[in-house]
Amino acid sequence: MNHRLPHTFFQREVTDVAPELLGKILVRQFDDGSVQKFVITEVEAYRGRDDKACHANKGLTTRTEVMFREGGLVYVYLIYGMYWMLNIVTGEKGDASAVLIRGIGDISGPGRVGKALQLDKSFYGEDLFSSDRIWIENSEQKITFKAVPRVGIDYAGEPWIGKPWRFIVKK
DNA sequence: CGCAAGATTGGC
DNA sequence: CCAATCTTGCGT
């Protein structure tokens with residue numbers, strides 16, 4: 001029997017949480033009551049204020065405010081005016097770290113993930129343990145993964161570009 | 001208050 | 001290779 005991951009699972013080092021999320025089950029219950037479950041297949045870690053590729057590196061702003069809270073919350077934002085990125089806040093309060101969900105089930109690409117889950121700004125700050133719309137369930141499924149550099153962050157410069165913080169499930 | 005750019009995608 | 005489309009953050 002699956003059960004939701006507790007807050008303590010997320011309140012750890014983001015580089016530990018990210019790979020462990022692979023193989024876990026992302027559950028979305030839509031407004032009409034239907035439920036869809038997806039296996040998490042690809043994630044990226046964004047590690048707090050020091051990480052120049054992380055939105056929180058510019059300090060606390062209206063947009064990143066939720067990342068500065070405790071792990072276990074949802075951080076969503078609109079990119080390029082059309083794609084909702086789904087992130088999970090990790091670490092202790094003030095860590096400002098998060099995991100970007102880049103792939104679930106057969107869907108690959110963070111923009112398509114947001115589209116499939118029908119995300120919008122109302123998910124900002126959603127609590128993964130108490131929400132009745134979106135949460136993550138544990139899984140005993142054993143998976144193997146590979147770690148490679150993140151994409152789309154050339155502006156961050158080294159050493160951040162080289163960090164192998166993009167985790168992908170191996171088939 | 002105006003403007004440039006973004007953790008992307010898909011179409012030409 | 002570039003447009004779509006809109007919020008945020010920073011400069012004027």
Discussion item. Does the structure place the NZ or CZ of R12(A) under 6.0 Å from the centre of the six-membered ring of F10(A), at an angle of no more than 45° from the ring's axis?
Written reply: no
Under 3.5 Å, is there a donor-acceptor pair linking the side chains of S122(A) and D120(A)?
-> yes
Test your reading of the model: is there a side-chain donor-acceptor pair from S139(A) to the backbone of K24(A), 3.5 Å cut-off?
no
Do you see a donor-acceptor pair shorter than 3.5 Å between the side chains of Y46(A) and E44(A)?
-> yes
Comparing nearest nucleotides in DNA chain C, the 5'-proximal residue of the pair Y83(A), R63(A) is Y83(A)
Q) Going by an N to O cut-off under 4.0 Å, is there a salt bridge joining E65(A) and R69(A)? A) yes
| Between Y77(A) and R63(A), is there a cation-pi geometry (under 6.0 Å to ring centre, at most 45° from the normal)? | yes
Those residues at least two apart in sequence (or on a different chain) that pass ring-ring contact (aromatic ring centres under 6.0 Å, His included) with Y83(A) are none
Q.
Between T41(A) and R102(A), do the side chains contain a donor N or O and an acceptor N or O under 3.5 Å apart?
A. no
Note: chain A reaches DNA chain B at heavy-atom distances under 4.0 Å over the stretch, first to last nt, 5' to 3', of dG6(B) to dG10(B)
Residues of residues 38-53 of chain A with a heavy atom under 4.0 Å from any atom of DNA chain B, listed by number, are Y46(A), A53(A)
Distance, P atom - from dT5(C) to dG2(B), rounded to whole angstrom: 22 Å
Any side-chain heavy-atom pair of L100(A) and P110(A) under 4.5 Å: yes
| In terms of hydrophobic clustering (I, L, V, M, F, W, Y; side-chain heavy atoms under 4.5 Å; direct or indirect links), are W165(A) and I168(A) co-clustered? | no
Under a 4.0 Å heavy-atom criterion, DNA chain C is touched by chain A from dA4(C) to dC10(C)
Review point. Which is true for M82(A) with a 4.0 Å heavy-atom rule: it touches a base, it touches only sugar-phosphate, or it touches nothing?
Key: base
Any heavy-atom pair between the side chains of L21(A) and V99(A) that's under 4.5 Å? yes
Measure the acute angle between the ring planes of H7(A) and F129(A), then classify it against the limits of 30° and 60° as parallel, tilted or perpendicular. tilted
Sorted by number, residues from residues 109-121 of chain A placing a heavy atom under 4.0 Å from DNA chain B are G109(A), P110(A), G111(A), R112(A)
Is E158(A) reaching over with its side chain to a backbone N or O of G162(A), donor-acceptor style, under 3.5 angstrom?
yes
Worksheet entry | Pairing of R166(A) and E42(A) as salt bridge, 4.0 angstrom limit | yes
- Aromatic F30(A) / basic R133(A) pairing, under 6.0 angstrom, 45° off normal: no
When pairs are called at under 3.5 Å and a stem needs at least three consecutive Watson-Crick or G-U pairs, the stems of DNA chain C are B:1-6 with C:6-11, B:8-11 with C:1-4
